[in-house]
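Predicted model only: the values in this text are computed from it and were never measured. All residue numbers refer to positions in the sequence shown, counting from 1.
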Amino acid sequence: SSTMSFSEAEVQSARGAWEKMYVDAEDNGTTVLVRMFTEHPDTKSYFTHFKGMDSAEEMKQSDQVRGHGKKVFTAINDMVQHLDNSETFLGIVNPLGKKHATQLKIDPKNFRIICDIILQLMEEKFGGDCKASFEKVTNEICTHLNNVYKEEGW
């Protein structure tokens with residue numbers, strides 16, 4: 001369904017949890033991507049300029065990796081600001097999904113991978129409650145991205 005059902009309390013606690021991560025958007029975004037590339041090396045194939053990088057250290061220093069990490073976190077931040085407005089939320093998610101499906105041809109399973117790594121990092125840094133309050137958001141994001149992929153014929 002295209003409507004999201006977040007209670008006011010869920011919205012507030014999800015925003016509070018995300019806020020902690022977003023304070024260090026570039027560093028945390030970079031950590032998430034570096035983990036994804038090292039734990040799931042096939043994901044590197046989508047990024048031509050990351051392909052040659054094998055060490056996590058090298059990736060961490062890369063302006064491209066840092067830039068994309070920040071971009072991912074900025075997009076999620078936009079979504080988090082609109083959890084209480086389905087229309088605006090989908091206005092962010094839909095074009096993003098469309099671009100990844102049609103132009104970039106990214107396998108949608110990678111959205112789940114990246115969301116799981118974000119949750120894992122949240123738990124490490126801020127504990128299980130923080131992770132728990134953000135889990136529903138990641139499910140929502142992945143569900144809507146997958147819907148866009150289905151519409152695009154994946």
Closest contact, heavy atoms only, [X] versus [Y]:
X	Y	answer
Ser5	Lys136	O-NZ, 2.6 Å
Gly97	Leu145	CA-CD2, 3.6 Å
Leu33	Gly69	CD1-N, 3.4 Å

Is the shortest side-chain heavy-atom distance between [X] and [Y] below 4.5 Å?
X	Y	answer
Val72	Val32	no
Ser133	Met122	no
Met21	Phe126	yes
Val65	Phe47	no
Phe89	His144	yes

Lys/Arg-Asp/Glu bridge criterion (N-O < 4.0 Å) met for Glu26, Lys70: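 Salt bridge between Glu26 and Lys70, a charged N being under 4.0 Å from a carboxylate O: no.
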Salt bridge present between Asp116 and Arg35 (N-O < 4.0 angstrom):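 Looking at Arg35 together with Asp116, the answer is no, because their closest N to O distance does not fall below 4.0 Å.
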Rounded distance [0.5 Å steps], [atom1] in [X] versus [atom2] in [Y]:
X	Y	atom1	atom2	value
Arg112	Ile114	CZ	CD1	11.5 Å
Trp154	Ile106	CH2	CD1	8.0 Å
Met79	Ile92	CE	CD1	6.5 Å
Gln120	Lys125	CD	NZ	13.0 Å
His40	Asn110	NE2	CG	8.5 Å
Asp84	Glu10	CG	CD	12.0 Å

Looking at Tyr149 versus Phe111, is the centre-to-centre ring distance below 6.0 Å?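 Judged by ring-centre distance (under 6.0 Å), Tyr149 and Phe111 do meet the cut-off.
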Using the ring centroid of each side chain, check whether Phe50 and Phe37 are separated by less than 6.0 Å.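 Yes, the ring centres sit under 6.0 Å apart.
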Given 3.5 Å as the limit, does a donor-acceptor pair link the side chain of [X] with the main chain of [Y], or not?
X	Y	result
His100	Leu96	yes
Lys44	Met53	yes
Arg15	Val80	yes
Lys98	Gln103	no
Asn85	Thr88	yes
Tyr22	Ala17	no

Between Trp18 and Asn77, is the side chain to side chain contact (heavy atoms under 4.5 Å, CB included) condition met? List the steps. CA-CA 8 Å; Trp18 176 250; Asn77 191 57; 3.0 Å; yes
Exceeds 12 heavy-atom contacts within 6.0 angstrom, atom CG of Asp63: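 No.
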Greater than 12 external heavy atoms within 6.0 Å of Lys99's NZ: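 No, NZ of Lys99 has 12 or fewer neighbouring heavy atoms, counting only those of other groups under 6.0 Å.
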Answer with yes or no whether the hydrophobic clustering places Leu119 together with Val23; edges join I, L, V, M, F, W, Y residues whose side-chain heavy atoms lie under 4.5 Å apart.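 Result: no, two separate clusters.
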Applying the 4.5 Å side-chain criterion to the ILVMFWY set and letting contacts propagate, would Ile141 and Val148 be lumped into a single cluster?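 Looking at the clustering, Val148 is in a separate group from Ile141.
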Please evaluate residues Ile118 and Ile76 with respect to the criterion side chain to side chain contact (heavy atoms under 4.5 Å, CB included), reporting the C-alpha separation (whole Å), side-chain torsions for both, the decisive distance (0.1 Å), and the verdict. CA-CA 11 Å; Ile118 288 171; Ile76 294 172; 3.5 Å; yes
Identified side-chain contact (heavy atoms from CB on, under 4.5 Å) partner of Val34 from the options Met59, Glu58, Glu39, Glu57: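 Single pass found, and it is Met59.
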Between Gln61 and Ser55, does a side chain to side chain contact (heavy atoms under 4.5 Å, CB included) hold up when you go through it step by step? CA-CA 10 Å; Gln61 303 306 322; Ser55 80; over 6 Å; no
Distance-only polar pair, side chains of Gln64 and His68, donor-acceptor under 3.5 Å: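 No, no side-chain donor-acceptor pair sits under 3.5 Å.
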